[in-house]
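Numbers here are sequence positions counted from 1. These numbers come from a predicted model, not from an experiment.
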Amino acid sequence: MLSLEEIVDKHAGMVRRIATVYERHPDRIDDLVQEVWLAVWQALPRLDNPSMLKPYIARITQNICVTHVRRALVRKDEPLGDGIADMSMPVDEATDHARQLARLTEVIRQLPEPLKAVAGLYLEEIPIKEIATILGISESNTSVRLHRAKTFIRLNFGAWT
């Protein structure tokens with residue numbers, strides 16, 4: 001089994017990307033990521049199959065992020081979404097890619113919770129079968145949700161241009 005440090009190094013990007021779908025503020029994203037790694041550290045002894053590490057971490061991340069959003073709604077914090085940067089300035093290719101990624105993240109944030117969960121995990125290249133297991137739904141339901149999420153993203157991503 002890998003050490004926690006190796007696990008964090010290998011999966012840090014995935015955890016941060018999933019957290020970014022649920023939270024906009026960098027400090028809160030950092031807090032979520034830290035909370036995830038603490039939970040992963042505590043849960044690792046319960047992992048029976050080391051080959052399922054990535055979906056295991058994705059499920060923990062998903063659960064913590066959903067709990068975070070629910071707590072924020074109960075506390076009636078400031079809205080989870082605020083405006084994105086002005087897209088009208090000419091930029092180089094790297095900055096343009098970063099802005100498109102920010103736009104995509106913003107559209108994913110607007111998805112209803114069931115679709116957001118599937119889309120976020122799918123973007124991490126987790127197979128539909130594993131997404132279904134992580135979310136506790138059938139594969140066919142997962143596929144339907146993914147199709148609906150893709151349609152929503154296609155329709156709304158183009159609306160931002």
Side-chain angles (χ1 to χ4, degrees), residues 1-87 94-137 142 145-146 149 152-153 156-157 160:
M1 182 82 166
L2 298 171
S3 71
L4 182 61
E5 184 178 351
E6 292 169 323
I7 292 170
V8 170
D9 287 344
K10 184 173 182 179
H11 299 288
M14 175 187 69
V15 169
R16 180 162 289 280
R17 286 187 296 273
I18 293 172
T20 300
V21 167
Y22 288 89
E23 179 59 65
R24 160 179 321 282
H25 302 285
D27 292 341
R28 292 183 191 160
I29 292 170
D30 292 342
D31 290 344
L32 275 173
V33 168
Q34 187 173 17
E35 189 176 339
V36 166
W37 289 122
L38 177 61
V40 167
W41 176 69
Q42 292 170 338
L44 275 177
R46 294 188 301 271
L47 177 63
D48 296 330
N49 183 353
S51 68
M52 296 299 290
L53 181 63
K54 182 177 179 178
Y56 192 65
I57 293 171
R59 173 182 239 166
I60 291 169
T61 305
Q62 183 77 24
N63 290 341
I64 287 173
C65 290
V66 168
T67 301
H68 167 76
V69 169
R70 287 185 181 141
R71 274 191 240 139
L73 292 173
V74 169
R75 286 190 314 256
K76 297 186 178 159
D77 280 349
E78 60 190 84
L80 293 178
D82 50 358
I84 59 174
D86 178 16
M87 305 276 187
T95 304
D96 186 47
H97 176 74
R99 287 189 179 177
Q100 286 185 351
L101 186 58
R103 285 177 34 218
L104 177 60
T105 301
E106 186 64 32
V107 172
I108 292 171
R109 282 185 183 131
Q110 295 174 12
L111 286 167
E113 182 59 40
L115 304 183
K116 183 189 301 184
V118 171
L121 295 171
Y122 182 77
L123 288 172
E124 292 304 322
E125 299 179 357
I126 296 176
I128 289 177
K129 184 175 183 173
E130 290 179 24
I131 294 172
T133 301
I134 289 169
L135 298 177
I137 59 177
T142 302
R145 289 182 186 187
L146 181 59
F152 180 92
I153 291 167
N156 289 285
F157 189 74
W160 289 60

Undergrad: Within this structure, what is the OG1-CD1 distance for the pair Thr142 and Ile137, rounded to the nearest 0.5 Å?
TA: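 The OG1 atom of Thr142 sits 3.5 Å away from the CD1 atom of Ile137.
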Undergrad: So, taking the atom named CD1 in Ile57 and the one named CD1 in Ile18, what distance separates them when rounded to the nearest 0.5 Å?
TA: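 Spacing of CD1 (Ile57) from CD1 (Ile18) equals 9.5 Å.
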Undergrad: Which donor-acceptor pairs under 3.5 Å do side chains of residues 7-14 form with protein atoms, sequence neighbours excluded?
TA:
none

Undergrad: Within a reach of under 6.0 Å around CZ of Phe152, are more than 12 heavy atoms found that belong to other residues, nucleotides or ligands?
TA: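 Correct, the count exceeds 12.
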Undergrad: Between Arg59 (side chain) and Thr133 (backbone), is there a donor-acceptor pair under 3.5 Å?
TA: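 Yes.
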Undergrad: Test side chain to side chain contact (heavy atoms under 4.5 Å, CB included) on Leu53 and Leu44; report intermediate values, then the result.
TA: CA-CA 9 Å; Leu53 181 63; Leu44 275 177; 3.8 Å; yes
Undergrad: State whether the side chain of Gln110 and the backbone N or O of Val107 hold a donor-acceptor pair below 3.5 Å, judged by distance alone.
TA: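 Looks like no, no N/O pair under 3.5 Å.
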Undergrad: Is a donor on one side and an acceptor on the other found under 3.5 Å between the side chain of Arg145 and the backbone of Ala119?
TA: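 Answer holds: no.
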Undergrad: Should we count CD of Glu125 as having more than 12 external heavy atoms under 6.0 Å?
TA: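 Not more than 12 within 6.0 Å, no.
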Undergrad: Taking all non-hydrogen atoms of both residues into account, name the closest pair between Met52 and Pro55 and its distance.
TA: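 That closest heavy-atom pairing would be O-CD, 3.2 Å.
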Undergrad: Any idea which heavy atoms bring Leu47 and Pro50 closest together, and the distance?
TA: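 Closest approach of Leu47 to Pro50: CD2-CA, 4.1 Å.
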Undergrad: Restricting to salt bridge (Lys or Arg N to Asp or Glu O under 4.0 Å), what partner residues turn up for Asp30, sequence neighbours left out?
TA: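 Scan of Asp30 (salt bridge (Lys or Arg N to Asp or Glu O under 4.0 Å), adjacent residues dropped) gives Arg16.
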Undergrad: Considering residues at least two apart in sequence or located in another chain, which fulfil the salt bridge (Lys or Arg N to Asp or Glu O under 4.0 Å) criterion with Glu124?
TA: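 So Glu124 forms a salt bridge (Lys or Arg N to Asp or Glu O under 4.0 Å) with Arg17.
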Undergrad: Rounded to the nearest 0.5 Å, what's the gap from CD1 on Ile64 to CG on Asp31? Could you check?
TA: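 Result: 12.0 Å between the selected atoms.
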Undergrad: Going by atom types alone, do Tyr56 and Glu130 pair a side-chain donor with an acceptor below 3.5 Å?
TA: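 No, no side-chain donor-acceptor contact under 3.5 Å.
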Undergrad: CD of Glu113: more than 12 outside heavy atoms within 6.0 angstrom?
TA: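 Yes, because the 6.0 Å sphere around CD of Glu113 holds more than 12 heavy atoms from other groups.
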Undergrad: Given side chain to side chain contact (heavy atoms under 4.5 Å, CB included), test Ile153 with Leu111 step by step and report yes or no.
TA: CA-CA 8 Å; Ile153 291 167; Leu111 286 167; 4.3 Å; yes
Undergrad: At what distance, to the nearest 0.5 angstrom, does OG1 of Thr20 lie from CZ of Arg109?
TA: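 It is 6.5 Å, given to the nearest 0.5 Å.
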Undergrad: Under 4.5 Å between any side-chain heavy atoms of Ile126 and Tyr122, yes or no?
TA: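 No, side chains not in contact.
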Undergrad: With salt bridge (charged side-chain N to carboxylate O under 4.0 Å, His left out) as the test, would you mind laying out the steps for Glu106 and Arg24 before giving the verdict?
TA: CA-CA 9 Å; Glu106 186 64 32; Arg24 160 179 321 282; 2.4 Å; yes
Undergrad: Closest approach of Ile60 and Val36, non-hydrogen atoms and distance?
TA: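 Here Ile60 and Val36 meet closest at CG2-O, 4.2 Å.
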Undergrad: Between Gln62 and Val66, is the side chain to side chain contact (heavy atoms under 4.5 Å, CB included) condition met? List the steps.
TA: CA-CA 6 Å; Gln62 183 77 24; Val66 168; 4.0 Å; yes
Undergrad: To the nearest 0.5 Å, what is the distance between CD1 on Ile29 and SG on Cys65?
TA: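 Rounded to the nearest 0.5 Å, the CD1-SG separation comes out at 9.0 Å.
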Undergrad: Using a 4.5 Å cut-off on heavy atoms from C-beta on, say whether the side chain of Leu123 contacts that of Ile108.
TA: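 Yes. Closest side-chain heavy atoms under 4.5 Å.
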Undergrad: Please evaluate residues Leu135 and Leu121 with respect to the criterion side chain to side chain contact (heavy atoms under 4.5 Å, CB included), reporting the C-alpha separation (whole Å), side-chain torsions for both, the decisive distance (0.1 Å), and the verdict.
TA: CA-CA 10 Å; Leu135 298 177; Leu121 295 171; 4.1 Å; yes
